[in-house]
**Student:** 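If you scroll down you'll find the structure; I have some questions about it.
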Amino acid sequence: MTSTIPVNSLSRHIAPLQDALSDIAAAIIASGYYVLGPNVKAFEQAFAGYCGAAHCISVANGTDALELSLRALGVTEGDQVAVVANAAMYGTSAVLACNATPVFIDTNVDDGLMSIQSLQAALDSGAAPKAVIVTHLYGKLADIEAIVTLCHGRGITVLEDCAQSHGATRNGKRAGSFGDIASFSFYPTKNLGALGDGGAIVTNDAQLAETTTRLRQYGWSAKYTNSLRGGRNSRLDELQAAMLLHMLPLLDGWNTRRREIANRYAAGIRNPRIVVSGPAGDDHVGHLYVVRSSARDALREHLQAEGVQTEVHYPVCDHRQPCHAGAFDGVRLPNTEADAVSVLTLPCFPELTDAEADQVIAACNRF
Ligand SMILES: *Cc1c(COP(=O)(O)O)cnc(C)c1O
């Protein structure tokens, strides 16, 4: 093999932006304003507008965005929060940080997204969550309209985790505009990624916007006046905000290219031992292209030998993580558990060429 096709390449992604981002960095360094300044404000406005939401509150990372959103929704010690168990502990960690209890909900067989039947069953059998975290995993919008209807009918709030789904759209509405509040991550590998950590909370609710704005800066209502408990330092800096502001107009084009690659895989991979993800419409921004195989580990070795790098998102279910010390040993999530041993992520990023995608397809078809 000549060279390995990477599962993702940030150097290829950022190379065309190198000069522009360097100029932006130089201007910020000279400006004397480094945290929560004019670029942060401008990016928050632009991103709220992009998402079709009234407010955007930037924070330090996506995990803080989840946790501060839960706190703003009033989640506190002893509360339950419903969450999927196949999303690398992000949502679950935020629940635990609030001293609340995760109620794990199983996923759909075909797409790894929260199963509304499983959520309904949990509610019918006595679970009483204060909030539900809906993760739009792999870049695809969950059954979010129906979940919001179900939850609001029972007085349960909905937090959308959009860390993998920036820009996904259904019926003219974007990820982050369906529930009560939404969280985003701008970690470098995300569809919209900074050159460091970053995150945001998006909401149409003025009160939630006000509360999260305070929580991200020590719980201040005014400088040095700490009015809210649970506050911390979770601010975005000017460098990251300015880079994100530069990249935001490029997001839709990147998503279109990710979708093209996903659809190339969906159409081209023909192997009875590999279950492909269906073609991606506007509600899927191709963050990760995932296939399933009962011979996953052998497929992974085969692809590695053929020069195709892969990854597993994610190998350990939340309810089986060692940090819980057995607290969820009785929990059974058949679809989630099946995915952990069968999912495999193929290379999918905007700069992947058609020729590379075709090599990946050929390698899969030779398995
Ligand atoms: C990346 C990610 C997060 C966490 O974001 P960080 O910025 O890394 O804290 C949360 N949820 C999902 C689904 C993610 O993919």
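In this text the structure is predicted, and so the values were computed from the model without any measurement. Each ligand, and each atom within it, is numbered from 1 in the order the structure gives.
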**Student:** Tell me whether the count of non-hydrogen atoms from other residues, nucleotides or ligands lying under 6.0 Å of CG in Asp19 goes above 12.
**Tutor:** no
**Student:** Show me the donor-acceptor pairs within less than 3.5 Å that the side chains of residues 195-202 make with the rest of the protein, sequence neighbours left out.
**Tutor:**
none

**Student:** Just need the protein heavy atom nearest to atom 4 (C) of ligand 1, so name the residue and atom and give the distance.
**Tutor:** Tyr90 CD2, 3.5 Å
**Student:** Considering heavy atoms of the protein only, find what lies nearest to atom 1 (C) of ligand 1 and give residue, atom and distance to 0.1 Å.
**Tutor:** Lys190 NZ, 1.7 Å
**Student:** Give me the nearest non-hydrogen protein atom to atom 8 (O) of ligand 1 as residue plus atom name, then the distance to 0.1 Å.
**Tutor:** Ser185 OG, 4.1 Å
**Student:** Is the NZ or CZ atom of Arg273 positioned over Phe367's six-membered ring, under 6.0 angstrom from the centre and within 45° of the axis?
**Tutor:** yes
**Student:** Can you list the atoms of ligand 1 that are under 4.0 Å from a heavy atom of Thr135?
**Tutor:** 13 (C)
**Student:** Report yes if Asp161 has an N/O atom closer than 3.5 Å to an N/O atom of ligand 1; otherwise report no.
**Tutor:** yes
**Student:** If you measure every N or O of Gln164 against every N or O of ligand 1, does any of those distances drop under 3.5 Å?
**Tutor:** yes
**Student:** Are Arg232 and Tyr218 in a cation-pi contact, defined as NZ or CZ under 6.0 Å from the six-membered ring centre and within 45° of the axis?
**Tutor:** no
**Student:** Taking N or O atoms only and a 3.5 Å limit, does Gly62 qualify as a polar contact for ligand 1?
**Tutor:** yes
**Student:** Minimum heavy-atom separation for Val343 and Arg296, please, with both atom names.
**Tutor:** O-NH1, 2.7 Å
**Student:** Would you say His136 and Glu160 are linked by a side-chain donor-acceptor pair, where the criterion is simply a distance under 3.5 Å?
**Tutor:** yes
**Student:** Please identify which atoms of ligand 1 are closer than 4.0 Å to at least one heavy atom of Asn61.
**Tutor:** 7 (O), 9 (O)
**Student:** Ligand 1 and Asp197, any nitrogen or oxygen pair closer than 3.5 angstrom?
**Tutor:** no
**Student:** Give a yes or no on whether a salt bridge exists between Asp283 and Lys140, defined as a side-chain N under 4.0 angstrom from a carboxylate O.
**Tutor:** no
**Student:** Given 3.5 Å as the limit, does a donor-acceptor pair link the side chain of Glu311 with the main chain of Thr345, or not?
**Tutor:** no
**Student:** Any N/O of Thr63 closer than 3.5 Å to an N/O of ligand 1?
**Tutor:** yes
**Student:** If you measure every N or O of Tyr187 against every N or O of ligand 1, does any of those distances drop under 3.5 Å?
**Tutor:** no
